[in-house]
Visitor: 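Structure incoming, see below.
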Amino acid sequence: MSLPGLVEIPYEGAFSLEDTLKSGQLFHWERAALNDCAGYAGCLGSRGPSFITQTEEGGVYGLPDDGAVLSRYFGLDHAIESIHGTFPGEDAVLAEAIAYCPGIRLARQPMWECLATFITSSLKQVAHIRAISMKLRSRYGEAHELAGQTFYSYPEPGALARAGEDALRECSLGYRAKSLHLAAEAIVSGKFDLEAMESEEDPEKVMAALLELHGVGEKIANCVLLFSGGFHGAFPIDVWIERILRENYRKRVRGHKLQKWAVDYFGENAGYAQQYLFHFARKTL
DNA sequence: AGTCAGGCAACGC
DNA sequence: GCGTTGCCTGAC
């Protein structure tokens with residue numbers, strides 16, 4: 001099957017576009033229709049809008065380019081079966097979480113967009129994170145047209161640095177405005193070398209650089225490693241993960257000890273396990 | 001009206 | 001190291 005004007009994006013294993021978009025990594029994709037085909041559209045970093053859709057049979061189709069950009073962005077190049085092979089053998093909880101939502105993928109977002117979005121996420125719920133992202137985009141990003149709708153790219157660090165903390169506060173950011181503004185300035189000044197960090201292969205180095213930023217702690221840094229850096233061993237612990245580790249895995253420790261246990265126990269793809277468990281916990285606990 | 005939410009930094013011990 | 005507290009905002 002093919003869809004007019006769209007490129008098919010191949011993948012192996014389970015994939016659900018809907019579940020991936022709802023899984024707490026990506027906050028700005030919007031429903032859109034292209035050539036009478038219903039799907040989702042959004043900007044990747046500072047690029048113009050992309051479009052993606054999934055048929056009932058599971059086929060994934062998108063624009064623009066040859067699909068390689070979208071494939072990488074949505075983790076369609078991940079070998080899910082072999083990732084599952086690295087999980088602990090006997091784990092009924094994880095098995096149930098995977099069965100609950102088998103099609104979730106770890107995205108690979110542009111680093112600045114990911115970092116900035118998670119800086120604004122602290123003590124916020126998904127709907128609000130989304131509202132903040134959209135407001136920042138429409139105010140400081142660049143407008144692009146697709147199929148009669150307007151989509152905004154995520155603002156460049158320079159745009160947010162110039163805007164200033166007080167202006168950012170007007171986007172419902174509260175105390176997060178300071179952190180976001182400082183992060184933007186750190187990138188503009190080169191204090192945080194975004195380009196170097198995007199291509200850095202050692203997660204420890206990226207982690208160390210991220211923790212230097214005001215407003216970035218272990219949780220947000222791990223989110224950036226996992227959702228942008230492609231380091232699938234990173235294991236962000238938020239209240240939901242902590243809850244499921246406590247209630248279903250009987251773990252009573254917290255902080256670094258819990259972090260170390262999780263990484264050791266779930267293994268090299270602990271972050272994928274985290275993503276299944278997170279979604280499962282959010283729906284069932 | 002008060003509580004609480006998908007963290008963090010600053011401070012006290 | 002560990003625990004506590006204040007922080008903006010919106011939803012209930």
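Each chain gets a letter, A, B and so on, in the order its sequence line appears, and its residues count up from 1. Predicted, not measured: the structure shown is a model, and the values here were computed from it.
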Visitor: Please report the distance separating the P of B:dG6 from the corresponding atom of C:dC2, rounded so that it comes out in whole Å.
Guide: 26 Å
Visitor: What's the closest nucleotide to the A:Arg282 side chain, out of C:dG10, C:dC8, B:dG6?
Guide: B:dG6
Visitor: Dot-bracket, 5' to 3', for DNA chain B please: Watson-Crick or G-U pairs under 3.5 Å, [ ] where pairs cross earlier ones, | where the partner sits on another strand, dots elsewhere.
Guide: .||||.|||||||
Visitor: Quick one: do the A:Gln54 and A:Ser16 side chains pair a donor with an acceptor below 3.5 Å?
Guide: no
Visitor: Can a donor-acceptor pair be found, under 3.5 Å and without considering hydrogens, that links the side chain of A:Glu57 to the backbone of A:Gly59?
Guide: no
Visitor: Would you check if the distance from the ring center of A:Phe266 to the ring center of A:Phe235 is below 6.0 Å?
Guide: yes
Visitor: Rounded to whole Å, please give me the gap between NE2 in A:His128 and P in C:dG10.
Guide: 5 Å
Visitor: Please list, in numerical order, the residues of residues 167-188 of chain A that have a heavy atom closer than 4.0 Å to any atom of DNA chain C.
Guide: A:Arg169, A:Ser172, A:Gly174, A:Tyr175, A:Arg176
Visitor: Categorize A:Leu213 for me: base, sugar-phosphate, or nothing, with a 4.0 angstrom heavy-atom threshold over every strand shown.
Guide: sugar-phosphate
Visitor: Taking the minimum atom-to-atom distance to the side chain of A:Val126, which one of C:dC2, C:dT9, B:dG6 wins?
Guide: B:dG6
Visitor: Can you tell me which nucleotide in B:dG6, B:dA9, B:dA5 comes closest to the side chain of A:His214?
Guide: B:dA9
Visitor: Report yes or no: do A:Leu106 and A:Leu44 belong to one cluster of Ile/Leu/Val/Met/Phe/Trp/Tyr joined by side chain heavy-atom distances under 4.5 Å?
Guide: no
Visitor: Between A:Asp65 and A:Arg47, does any NZ, NE, NH1 or NH2 come within less than 4.0 Å of an OD or OE carboxylate oxygen?
Guide: yes
Visitor: Roughly how far apart, to the nearest Å, are B:dC11 and C:dC8 at atom P?
Guide: 15 Å
Visitor: Just how far, in rounded Å, is P of B:dC8 from CZ of A:Phe118?
Guide: 11 Å
Visitor: Name the nucleic acid region contacted by A:Lys124, choosing base, sugar-phosphate or nothing; use a 4.0 angstrom heavy-atom cut-off, strictly under.
Guide: base
Visitor: Can you tell which of C:dC2, B:dG6, B:dG7 lies closest to the side chain of A:Gln125?
Guide: B:dG6
Visitor: Inspect the surroundings of CZ in A:Arg243 and state if more than 12 heavy atoms from other residues, nucleotides or ligands are less than 6.0 Å away.
Guide: yes
Visitor: Select base, sugar-phosphate, or nothing to describe what A:Ile241 touches, counting heavy atoms under 4.0 Å on all strands.
Guide: nothing
Visitor: Verify the distance criterion only: is there a donor paired with an acceptor across the side chains of A:Tyr272 and A:His78 at less than 3.5 Å?
Guide: yes
Visitor: How far does the P atom of C:dT4 sit from the matching atom of B:dC4, given to the nearest Å?
Guide: 16 Å
Visitor: Please state how far atom CD1 in A:Ile220 lies from atom C1' in B:dG6, giving the value in whole angstrom units.
Guide: 10 Å
Visitor: For A:Tyr11 and A:Asp77, test the side chains for any donor-to-acceptor distance below 3.5 angstrom and give the result as yes or no.
Guide: no
Visitor: We want to know whether A:His28 and A:Arg137 form a side-chain donor-acceptor pair, criterion being a heavy-atom distance below 3.5 angstrom.
Guide: yes
Visitor: What is the separation between atom CG on A:Leu123 and atom P on C:dA11, rounded to the nearest whole Å?
Guide: 16 Å
Visitor: Look at all strands and tell whether A:Gly24 reaches a base, only sugar-phosphate, or nothing, counting heavy atoms closer than 4.0 Å.
Guide: base
Visitor: Strictly below 4.0 Å, N to O, side chains only: are A:Glu170 and A:Arg139 in salt-bridge contact?
Guide: yes
